[in-house]
Amino acid sequence: RKEFVDLYVNYVFNESIRKPFEGFMRGFLRGCPARKWKMFLPVELQTVLEGHTKFDWRLLEKNVTYIQYGMLDRTIRNFWTVFHKLPEEKKKMFLAFLSGSDRIPGYGLERFTFSIVDPQVENPDELYPFANTCSRILFLPR
């Protein structure tokens, strides 16, 4: 029985996927040569590929630029007051709404910036906040 289980596990996890995996590996190594990845320690490579999972939300607040807003505007003060009261999971959801990912890229939070912009609409009560994820811009009506 043990031999059967060992052979079956080997077939399922190795032999049955060998050909598709070899094609994937060739394509992956063409775009991401393995010799360049060897300079990373495993934990560093994981951070580069997945991003950071620990956050300093106060540093995030310091890295924001404001367009048509001042740092002391009531809307901005209210935004940050509410944001800092959110549970960790909701803050990550905001990060995903803003940037398309709930993680900070591998280069770190120190250089992760975003902008909060007043969309300057006639009736701001009729507009929800929205984001441009590519540019990391939060359009926040007054």
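Side-chain atoms are counted along with the backbone in the values below, which use heavy atoms only and exclude waters and symmetry mates.
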Undergrad: With side chain to side chain donor-acceptor pair (under 3.5 Å) as the rule and sequence neighbours excluded, what pairs involving residues 130-141 come up?
TA: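 Those involving residues 130-141 are Tyr107-Arg136.
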Undergrad: Kindly give the heavy-atom pair with the smallest separation between Phe112 and Leu60, and that separation in Å.
TA: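 Heavy-atom minimum between the residues: CD2-CD1, 3.5 Å.
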Undergrad: Under the 4.5 Å side-chain heavy-atom rule for ILVMFWY, direct or indirect, which residues accompany Ile17?
TA: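 None; Ile17 is a cluster of one.
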Undergrad: In this structure, would Phe97 and Ile104 fall into the same cluster of hydrophobic residues linked by side-chain contacts under 4.5 Å?
TA: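 Linked within one cluster.
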Undergrad: Rounded to the nearest 0.5 Å, how far does CD of Gln68 lie from OG1 of Thr75?
TA: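 Here the interatomic distance stands at 13.0 Å.
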Undergrad: List for me each residue that meets side-chain hydrogen bond (donor to acceptor under 3.5 Å, both in side chains) alongside Glu15, sequence neighbours excluded, and say none if there are none.
TA: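 If we apply the side-chain hydrogen bond (donor to acceptor under 3.5 Å, both in side chains) test to Glu15, skipping adjacent residues, the hits are Arg18.
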Undergrad: Applying ring-ring contact (aromatic ring centres under 6.0 Å, His included), name anything that partners Phe114, two or more places apart in sequence or on another chain.
TA: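 In terms of ring-ring contact (aromatic ring centres under 6.0 Å, His included), with neighbours along the sequence ignored, Phe114 is linked to no residue.
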Undergrad: Membership question, hydrophobic clusters at under 4.5 Å side-chain separation (ILVMFWY): are Val117 and Phe94 in the same one?
TA: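 No; Val117 is not reachable from Phe94 via cluster members.
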Undergrad: Determine, using the 4.5 Å side-chain heavy-atom cutoff (strictly less than), whether Leu59 and Leu98 are members of one ILVMFWY cluster.
TA: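 Per the 4.5 Å side-chain linkage, Leu59 and Leu98 are co-clustered.
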Undergrad: Applying side chain to side chain donor-acceptor pair (under 3.5 Å) as the test, list every pair that has at least one member in residues 86-102; sequence neighbours left out.
TA: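 Sorted result for residues 86-102: Trp57-Glu88.
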Undergrad: So, using side-chain hydrogen bond (donor to acceptor under 3.5 Å, both in side chains) as the criterion, who are the partners of Thr113 when residues are at least two apart?
TA: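 Thr113 satisfies side-chain hydrogen bond (donor to acceptor under 3.5 Å, both in side chains) with no other residue.
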Undergrad: Does atom OH (Tyr11) have a neighbourhood of more than 12 heavy atoms from anything else shown, all under 6.0 Å?
TA: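 No - once you tally the heavy atoms of other residues, nucleotides and ligands closer than 6.0 Å, there are 12 at most.
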Undergrad: Only counting residues at least two apart or in another chain, list the ones meeting side chain to side chain contact (heavy atoms under 4.5 Å, CB included) with Tyr66.
TA: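 Here the qualifying residues are Val64, Tyr69, Met71, Ile76, Trp80, Ile116.
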Undergrad: Say you draw a straight line from CZ of Arg1 to CG of Asp6; how long is it, rounded to the nearest 0.5 Å?
TA: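 Interatomic distance, Arg1 CZ to Asp6 CG, rounded to 0.5 Å: 13.0 Å.
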Undergrad: Who passes side-chain hydrogen bond (donor to acceptor under 3.5 Å, both in side chains) against Asn10, sequence neighbours left out?
TA: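 Asn10 satisfies side-chain hydrogen bond (donor to acceptor under 3.5 Å, both in side chains) with Asn14 once adjacent residues are dropped.
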Undergrad: Return the orientation label for the Phe79 and Phe83 ring planes: parallel under 30°, perpendicular over 60°, tilted otherwise.
TA: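 Plane angle under 30°, so parallel.
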Undergrad: Which residues pass the side chain to side chain contact (heavy atoms under 4.5 Å, CB included) test with Arg58, not counting sequence neighbours?
TA: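 So Arg58 forms a side chain to side chain contact (heavy atoms under 4.5 Å, CB included) with Asp56, Glu61, His84.
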Undergrad: Holding to side-chain hydrogen bond (donor to acceptor under 3.5 Å, both in side chains), I want the full list of residues that pass it with Arg77, two or more places apart in sequence or in another chain.
TA: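 If we apply the side-chain hydrogen bond (donor to acceptor under 3.5 Å, both in side chains) test to Arg77, skipping adjacent residues, there are no hits.
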Undergrad: State whether the number of non-hydrogen atoms from other residues, nucleotides or ligands found under 6.0 Å of Glu3 atom CD is greater than 12.
TA: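 Not more than 12 within 6.0 Å, no.
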Undergrad: Identify every side-chain donor-acceptor pair in residues 123-131 under 3.5 Å, counting partners at least two apart or on other chains, and give the distances.
TA:
| unit_1 | atom_1 | unit_2 | atom_2 | d |
| --- | --- | --- | --- | --- |
| Asn123 | OD1 | Asp125 | N | 3.3 |
| Asn123 | ND2 | Glu126 | OE2 | 3.1 |

Undergrad: Do you reckon Leu140 sits in the same ILVMFWY cluster as Leu86, going by side-chain contacts under 4.5 Å, direct or chained?
TA: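 In one cluster with Leu140: Leu86, yes.
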Undergrad: Check step by step if side-chain contact (heavy atoms from CB on, under 4.5 Å) holds for Ile67 and Asp118.
TA: CA-CA 7 Å; Ile67 301 171; Asp118 179 359; over 6 Å; no
Undergrad: When rounded to the nearest 0.5 angstrom, what distance separates CD in Gln120 from CZ in Phe139?
TA: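 One finds 11.0 Å between CD of Gln120 and CZ of Phe139.
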Undergrad: Going by heavy atoms in the side chains, are Asp73 and Arg142 under 4.5 Å from each other?
TA: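 The answer is yes, as the side chains (C-beta and beyond) meet within the 4.5 Å cut-off.
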Undergrad: Under the salt bridge (charged side-chain N to carboxylate O under 4.0 Å, His left out) test, which residues partner Lys85, sequence neighbours left out?
TA: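 Lys85 satisfies salt bridge (charged side-chain N to carboxylate O under 4.0 Å, His left out) with no residue once adjacent residues are dropped.
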